[in-house]
Chemist: 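Here's a structure for you.
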There are 2 protein chains.
Amino acid sequence: MSPDTAPRPRMTRQRREILDALDTRDFRSAQSWHERLRSDGSTVGLATVYRALQALVDSGDVDSVVSESGETLYRRCEAGEEHHHHLRCRVCGKAVEIDVPEFEEFARHIGDAHGYGDIRHTIELTGVCPECAAAGRG
Amino acid sequence: MSPDTAPRPRMTRQRREILDALDTRDFRSAQSWHERLRSDGSTVGLATVYRALQALVDSGDVDSVVSESGETLYRRCEAGEEHHHHLRCRVCGKAVEIDVPEFEEFARHIGDAHGYGDIRHTIELTGVCPECAAAGRG
DNA sequence: CCCACTATTGATAATGATTGTCGAAATCAG
DNA sequence: CTGATTTCGACAATCATTATCAATAGTGGG
Ligand SMILES: [Zn+2]
Ligand SMILES: [Zn+2]
Ligand SMILES: [Zn+2]
Ligand SMILES: [Zn+2]
């Protein structure tokens, strides 16, 4: 019942650094982003990176996918909040955004046909990017 | 250099029990299958359940998917080794097999267009099944 | 500019799923 | 039946992620 004043987030040095690091276009784990930040001179803590990434996912500024091994990978996307999917390199994480026009409607139909509600879908393509293939990392 | 004789797996009481338990049609975590086995009177160990499920996935007899939370879920499918996808209840795990006709070819095209090789794809639909919705578990 | 009030940080402990270890028990070919 | 090997299972170890909590640092007012 309390007015519940919106708690506006503070702009801290750590959050600036994390946003800056996310400037690239790869899917990486929280730990990987943390390593990169540290190697770039930041002293940000791991827990802070996890918290910031989670917040960014919630606000729609960052996309996350769960890898085959169960790790969560994060990436700042070009499409903003718009719904889209990815073709991601399994080796280096580099991703391009794709869309699957026919599928969005198809998913709803399938759900209806089986009486399932609140349908969500996951579509991810993975492969080995040209660079990784050339480097024999495939 | 050694002939490397194919080591055929032994049929143990535990493996029989696990295969029997998997007779149902839900996606469940290894821990969940283990609980069910124990509550049905089995004394099988958790590690054994993990090992058996992994082996069954490798042999193509069981499907696995990684849930949103990163848990791996297992299910014996009707389609055998054939490639297919699922519509799964996020609450109880019940799943139906679906196919996504045009997508298989589409995936390859997208991969080629971006120079990515060894393309794999994941398509999973999740929702709340009629039973779970009726029970207010949605 | 200084203070007080909190949100945030970060080192570390805790959690939870999964995998590794290793002596004991069980399978199965001979 | 018997011995060589596989498999079991209790438990420790690992790995990603989350919770703790005292210390630190934005922010808004004076
Ligand atoms: Zn790559
Ligand atoms: Zn979509
Ligand atoms: Zn259900
Ligand atoms: Zn497919």
Side-chain angles (χ1 to χ4, degrees), chain A residues 2-21 27-59 61-75 90 93, chain B residues 2-21 27-59 61-75 90 93:
Chain A
S2 60
D4 207 314
T5 50
R8 52 259 133 164
R10 293 177 180 174
M11 184 48 57
T12 65
R13 170 177 56 82
Q14 291 84 343
R15 284 182 185 159
R16 259 190 303 275
E17 289 176 354
I18 292 169
L19 259 319
D20 287 350
F27 272 106
R28 293 184 187 289
S29 67
Q31 314 220 36
S32 174
W33 284 119
H34 179 242
E35 281 172 29
R36 166 172 290 201
L37 281 158
R38 301 290 278 225
S39 77
D40 283 356
S42 172
T43 62
V44 69
L46 178 58
T48 299
V49 174
Y50 271 103
R51 283 184 291 239
L53 288 172
Q54 190 50 61
L56 288 165
V57 169
D58 291 345
S59 68
D61 295 310
V62 162
D63 273 12
S64 68
V65 302
V66 177
S67 77
E68 311 74 55
S69 68
E71 265 189 318
T72 302
L73 308 177
Y74 304 87
R75 177 197 201 247
R90 280 191 298 276
Chain B
S2 60
D4 210 311
T5 51
R8 51 257 131 163
R10 292 178 182 174
M11 183 49 56
T12 64
R13 170 178 57 82
Q14 291 84 347
R15 282 183 187 157
R16 259 190 303 277
E17 291 176 353
I18 291 170
L19 258 319
D20 286 351
F27 271 106
R28 294 184 186 289
S29 67
Q31 315 220 35
S32 175
W33 285 120
H34 179 242
E35 280 172 29
R36 165 173 289 202
L37 281 158
R38 301 290 277 225
S39 76
D40 283 356
S42 172
T43 61
V44 69
L46 177 58
T48 299
V49 174
Y50 270 104
R51 282 184 290 239
L53 288 172
Q54 190 50 62
L56 288 165
V57 168
D58 291 344
S59 68
D61 295 311
V62 162
D63 273 13
S64 68
V65 303
V66 178
S67 78
E68 311 74 57
S69 67
E71 264 188 319
T72 302
L73 308 177
Y74 303 88
R75 177 199 202 247
R90 280 192 298 277

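All values below come from the heavy atoms of this structure, side chains included, with hydrogens, waters and symmetry mates left out. Throughout, protein chains are lettered first and strands after them, A, B, ... in sequence-line order, and every chain is numbered starting at 1.
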Chemist: Take the protein atom CG of B:L46 and the nucleotide atom P of C:dG20, then report the distance between them rounded to whole Å.
Modeler: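 Roughly 14 Å, once rounded to whole Å.
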Chemist: Under 4.0 Å, heavy atom to any atom of DNA chain C: which of residues 48-56 of chain B qualify?
Modeler: B:Y50, B:R51
Chemist: Who are the side chain to side chain donor-acceptor pair (under 3.5 Å) partners of A:S59, not counting sequence neighbours?
Modeler: A:D61
Chemist: Among A:S64, A:S32, A:S29, find the residue that satisfies the side chain to side chain contact (heavy atoms under 4.5 Å, CB included) test when tested with A:L73.
Modeler: A:S29
Chemist: Taking only side-chain nitrogens and oxygens of A:T72, does any of them come within less than 4.0 Å of OP1 or OP2 of D:dT17?
Modeler: yes
Chemist: So, for A:R15 and A:P9, which heavy atoms are closest and what is the spacing to 0.1 Å?
Modeler: NH1-CB, 3.8 Å
Chemist: What is the separation between atom CD on A:E17 and atom C1' on C:dT8, rounded to the nearest whole Å?
Modeler: 14 Å
Chemist: Please tell me whether A:S42 and A:E17 have a donor and an acceptor in their side chains that are separated by less than 3.5 angstrom.
Modeler: yes
Chemist: Are the side chains of B:R13 and B:R16 in contact, using a 4.5 Å heavy-atom criterion?
Modeler: yes
Chemist: Does A:D20 have any side chain to side chain donor-acceptor pair (under 3.5 Å) partners at least two apart in sequence or in another chain, and if so, which?
Modeler: none
Chemist: With respect to the side chain of A:R15, which nucleotide from D:dA10, C:dT18, C:dT9 is positioned closest?
Modeler: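 Of the options given, the side chain of A:R15 lies nearest C:dT9.
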Chemist: If I take atom CH2 in residue B:W33 and atom P in nucleotide C:dT18, what distance separates them, rounded to the nearest angstrom?
Modeler: 14 Å
Chemist: Would you please name every residue forming a side chain to side chain contact (heavy atoms under 4.5 Å, CB included) with B:V66, sequence neighbours left out?
Modeler: A:V66, B:T72
Chemist: Among residues two or more places apart or on two chains, list those pairs meeting salt bridge (Lys or Arg N to Asp or Glu O under 4.0 Å) that have a residue in residues 28-47 of chain B.
Modeler: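 Passing the test, one end in residues 28-47 of chain B: B:D26-B:R28.
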Chemist: Produce the list of close N/O pairs, under 3.5 Å, pairing protein atoms with atoms of nucleotides 25-27 of chain D; give distances to one decimal.
Modeler:
residue: D:dG26; atom: N2; partner: A:R10; partner atom: NH2; Å: 3.1
residue: D:dG26; atom: N3; partner: A:R10; partner atom: NH1; Å: 3.4
residue: D:dT27; atom: OP1; partner: A:M11; partner atom: N; Å: 3.2

Chemist: For A:E68, what residues pass the side chain to side chain donor-acceptor pair (under 3.5 Å) criterion, not counting sequence neighbours?
Modeler: A:R88
Chemist: Let me know the distance between CZ of A:R38 and P of C:dT9, rounded to the nearest Å.
Modeler: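 In whole Å, C:dT9 P and A:R38 CZ are 14 Å from each other.
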Chemist: Nearest whole angstrom, please: distance from the C1' of C:dT18 to the CD of B:Q31.
Modeler: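 My rounded result for the distance is 8 Å.
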Chemist: Atom CG of A:L73 and atom P of D:dC15: how far apart are they, to the nearest Å?
Modeler: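 It works out to 17 Å between those atoms.
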Chemist: Checking A:F27 now: which residues fulfil ring pair (Phe, Tyr, Trp, His ring centres under 6.0 Å) with it, not counting sequence neighbours?
Modeler: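 For A:F27, the residues satisfying ring pair (Phe, Tyr, Trp, His ring centres under 6.0 Å) (neighbours in sequence not counted) are A:H86.
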Chemist: Over all heavy atoms of both residues, which pair between B:V44 and B:I18 is shortest? Give the atoms and the distance, please.
Modeler: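 Heavy atoms of B:V44 and B:I18 come nearest at CG2-CD1, 4.3 Å.
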Chemist: Send over the distance from A:H34 NE2 to D:dC15 P, rounded to a whole Å.
Modeler: 17 Å
Chemist: Between the protein and nucleotides 28-30 of chain D, list the N/O to N/O atom pairs that are separated by less than 3.5 angstrom.
Modeler:
none

Chemist: Closest heavy-atom contact between B:A21 and B:L37?
Modeler: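 In this case the closest contact between B:A21 and B:L37 is CB-CD2, 3.6 Å.
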Chemist: Go ahead and write out DNA chain D as dot-bracket, 5' to 3': ( ) for pairs within the strand, [ ] for ones crossing earlier pairs, | when the partner sits on another strand, dots for unpaired; Watson-Crick or G-U wobble, both distances under 3.5 Å.
Modeler: ||||||||||||||||||||||||||||||
Chemist: With sequence neighbours excluded, tell me which residues meet side chain to side chain donor-acceptor pair (under 3.5 Å) with B:S69.
Modeler: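 For B:S69, the residues satisfying side chain to side chain donor-acceptor pair (under 3.5 Å) (neighbours in sequence not counted) are B:S67.
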Chemist: CG of B:L37 versus C1' of D:dC8: gap in Å, rounded?
Modeler: 14 Å
Chemist: For B:E71, give me all partners under salt bridge (charged side-chain N to carboxylate O under 4.0 Å, His left out), at least two apart in sequence or on another chain.
Modeler: none
Chemist: Name the nucleic acid region contacted by A:S29, choosing base, sugar-phosphate or nothing; use a 4.0 angstrom heavy-atom cut-off, strictly under.
Modeler: nothing
